Amino acid sequence: MKNDGRLERLLLREEIADFLYHEAELLDERRYREWLDLLADDIRYWMPMRRNVKLGEDEREFTRANSDVNWFDEGKDTLARRVKQIETGIHWAEEPRSRLSHLVTNVQVQGAEPSLAASQEVSVTCRFLIYRNRVETETDILVGRREDLLRRGQEEAGEGWLVARRKIILDQNVLLSKNLTFFI
């Protein structure tokens, strides 16, 4: 029976899905320092804004990197500062703290370098749903897609996969949440 890389793709997809599920669990449990350890030092964490556009104007649907305003366009230093601020206990938007559930699904490996069997970098897409509840009446639901570039960390340092790039695409174009203090 000819394999054609299907077994390697299946094993890699399962490994990546487990990584993404673990990441979601860390965020739900507010283990932000451990979550930061899953991020490459040169990470780009980017969430463009979405616009309603006319048919045929698809190139205008999302704000552009490095030239338009975006919901997020951060590196590891900025993300670490956001975590530190939340951990102070005096962050106005997270006191009391939010209750979160990150659901990750439709994990697909789009490509692997240098190969599926010896992957060092993997392009991955997935869908997400985030449920957030805070105080008595604040409830937010965000749905969308993520495009990630994952990189293998240093084996001798005990590192597994690291998120090197994350593009977050929300399905809605109007954000009804009072703030975006949580991580996606």
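Because the structure is a prediction, the values reported are computed rather than measured.
Classification of the Trp35-Tyr45 ring pair by plane angle, with boundaries at 30° and 60°, yields perpendicular.
His102 contributes a side-chain N or O that, together with a main-chain N or O of Phe183, makes up a donor-acceptor pair within less than 3.5 Å. Under the 3.5 Å distance criterion, the side-chain polar atoms of Lys167 are left unmatched by any main-chain donor or acceptor of Asp148. Formation of a donor-acceptor pair under 3.5 Å by the Arg127 side chain with backbone atoms of Val107 is not found in this model. Proximity of a side-chain donor or acceptor of Ser115 to a complementary backbone N or O of Ala118 within less than 3.5 Å is detected. With Arg9 contributing its side chain and Val109 its backbone, the two residues share a donor-acceptor pair below 3.5 Å. Arg30 places a side-chain N or O within 3.5 Å of a backbone atom of Ser98 that can act as its donor or acceptor partner.
If you chain together hydrophobic residues whose side chains sit under 4.5 Å apart, Ile184 and Leu103 never meet in one group. Put simply, Val163 and Leu149 are part of two different groups of oily side chains (I, L, V, M, F, W, Y) that touch within less than 4.5 Å, one to the next. Under the 4.5 Å side-chain heavy-atom criterion for grouping Ile, Leu, Val, Met, Phe, Trp and Tyr, Val124 is not connected to Trp46 through any hydrophobic cluster. One hydrophobic cluster, built from ILVMFWY side chains closer than 4.5 Å, cannot hold both Tyr131 and Leu26; they sit in different ones.
The closest side-chain donor-acceptor pair between Trp161 and Glu15 falls under 3.5 angstrom. For Asp28 and Ser101, the side-chain atoms include no donor-acceptor pair closer than 3.5 Å. Remark: the Gln110 side chain and the Thr125 side chain contain an N/O donor-acceptor pair separated by less than 3.5 Å.
Salt bridge Glu59/Lys54: absent, no basic N to carboxylate O contact under 4.0 Å. Lys76 and Asp42 are not joined by a salt bridge, as no carboxylate oxygen comes within less than 4.0 angstrom of a charged side-chain nitrogen.
Note that CZ of Arg31 is 11.0 Å distant from CG of Asp37, once rounded to the nearest 0.5 Å. Distance CZ/Arg13 to CD1/Ile16: 10.0 Å, rounded to 0.5 Å. In this structure, OG1 on Thr105 lies 11.0 Å from CG on Leu20, to the nearest 0.5 angstrom.
Each of Arg146, Arg50, Met47 was evaluated against Ile169; a single residue qualifies, Arg50, per the side-chain contact (heavy atoms from CB on, under 4.5 Å) test. Exactly one of Arg82, Arg166, Arg165 qualifies for a salt bridge (Lys or Arg N to Asp or Glu O under 4.0 Å) with Glu74. That residue is Arg82.
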